[in-house]
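Encoded as structure tokens, the structure appears first; notes follow it.
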Amino acid sequence: MYNYSFARTGIDAAYLAFDIPLEKTKEAVESLKLLHVGGFNVTMPCKTAVAGCVDALSPAAELIGACNTVTVGEDGKLTGHNTDGIGFVRNLAEHGVAISGKKLVVLGAGGAATAICAQAALDGAAEIAIFNRKDEFYPRGEQNVEKLRKAVPHCKVSITPLEDEAALAAAVGRCDILVNATKVGMKPLEAETLIDPKLLRPELVVADTVYNPKETRLICDAKAAGCAAAVGGIGMLLWQGVAAFKLFTGKDMPAQEVLEKFF
Ligand code: NAD
């Protein structure tokens, strides 16, 4: 998507992929600096490590503690950004859903959920109720709640074990936007959903981060229930790249063309 967009916007640049071991992250970042690259993306598992190697972090990357996009200033200084949450919010906007003032239920406390919660809070969400199973991600969810409460006090944030079915049903019953940011629904869990279809109602917006398959069981259930919007994860992937392209080049990616050609 980047190389295509460079060509389409007349930018003389090439996007290359390098596979590096996590423990070599700092050296890789130093090497990219030495080579005067124009910017770079970072994917799992290096997103957190890179956040510790840059000179500055955007407010979202600071809150998330991880970055997926690094820009290089004229002075050579590196700034880490996180466009995953931006991509999620933009994808909702593209489906006519604004996040400001809304009550969210977010399933998950991993990388995607952390980015979404931070961006939603920064963009004015009124309430975020996080649900995660009692696994190794739960303490991270608790830390996210602490951080968000301090940094974005207008947003009411909580975390509850996913195993508390009554609390989940009550929270879904009173929220505006339900988000799945877990691996449930993604291959090989494509037959599964964490939400009883009986909880889905026409006023509710349902969004999934999972894009493989494009229509998860949750999204199919939301459509069947006549939900206000049922938004799959593929657009989040597109729009996080669009946001990174803008940060790198100052130009707009030809998003519609990219969507049709590559997604
Ligand atoms: P992660 O490993 O950081 O977090 C995984 C999360 O899933 C945790 O909250 C964990 O508790 C939960 N989980 C895993 N198995 C579960 C189960 N059986 N029941 C309940 N909860 C379970 O992963 P991540 O990077 O945050 O990715 C999460 C999802 O988001 C994946 O499906 C990924 O494809 C998707 N994602 C999409 C985009 C996009 O651009 N659309 C970007 C990043 C991630």
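Keep in mind that this is a model prediction, so the values were computed, not measured. Throughout, numbering of the chain's residues begins at 1 and tracks the sequence. Whatever order the structure lists ligands and atoms in, that order sets their numbers, starting from 1.
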Who's closest to [atom] heavy-atom-wise, of [options]?
| atom | options | answer |
| --- | --- | --- |
| atom 29 (C) of ligand 1 | I130, L194, T182 | T182 |
| atom 14 (C) of ligand 1 | R140, R133, E192 | R133 |
| atom 42 (C) of ligand 1 | M236, K47, M186, Q240 | M236 |

Neighbour count above 12 (heavy atom, 6.0 Å) for D12 CG: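 Open: at most 12 neighbouring heavy atoms sit under 6.0 Å from CG of D12.
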Counting heavy atoms not belonging to K33, are there more than 12 under 6.0 Å from its NZ?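 Counting neighbours around NZ of K33, more than 12 heavy atoms of other residues, nucleotides or ligands fall under 6.0 Å, so yes.
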[X] versus ligand 1: do any nitrogen or oxygen atoms come within less than 3.5 Å of each other?
| X | value |
| --- | --- |
| A109 | yes |
| L189 | no |
| A112 | yes |
| I234 | no |
| Y211 | no |
| V184 | no |

According to side-chain hydrogen bond (donor to acceptor under 3.5 Å, both in side chains), who are the partners of E136, at least two apart in sequence or on a separate chain?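 Applying side-chain hydrogen bond (donor to acceptor under 3.5 Å, both in side chains) to E136 gives none.
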Numbered atoms and elements of ligand 1 in range of [X], under 4.0 angstrom, heavy atoms:
| X | answer |
| --- | --- |
| G108 | 9 (O) |
| D135 | 10 (C), 11 (O) |
| G110 | 3 (O), 4 (O), 9 (O), 26 (O) |
| A181 | 28 (C) |
| G111 | 3 (O), 26 (O) |
| N132 | 8 (C), 9 (O), 11 (O) |
| V210 | 32 (O) |

Less than 4.5 Å apart, any side-chain heavy atom of [X] and any of [Y]?
| X | Y | value |
| --- | --- | --- |
| E94 | W239 | yes |
| E165 | D196 | no |
| I20 | T25 | yes |
| V258 | S5 | yes |
| F18 | F40 | no |

For ligand 1, note which part of L237 has a heavy atom under 4.0 Å away: side chain, backbone, both or neither.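 The answer is both, backbone and side chain.
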Side-chain donor-acceptor contacts of residues 44-54 below 3.5 Å, not counting sequence neighbours, with atom names and distances?
from	atom 1	to	atom 2	distance (Å)
K47	NZ	D84	OD2	2.8

Could you find the nearest protein heavy atom to atom 23 (O) of ligand 1 and give me its residue, atom name and distance?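 The answer is K183 CE, 3.7 Å.
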Top protein contact for atom 37 (C) of ligand 1, by heavy-atom distance: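 Looking only at protein heavy atoms, the one closest to atom 37 (C) of ligand 1 is T209 O, 3.1 Å.
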Trace of the side-chain contact (heavy atoms from CB on, under 4.5 Å) decision for V242 with I86: CA-CA 10 Å; V242 171; I86 295 172; over 6 Å; no
Kindly assign one of parallel, tilted or perpendicular to the pair F262 and Y4, based on the angle between their ring planes and the thresholds 30° and 60°.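 Perpendicular: the ring planes of F262 and Y4 meet at over 60°.
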Donor-acceptor pair, side chain of Q119 and main chain of A60, under 3.5 angstrom: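 Not a single qualifying donor-acceptor pair exists.
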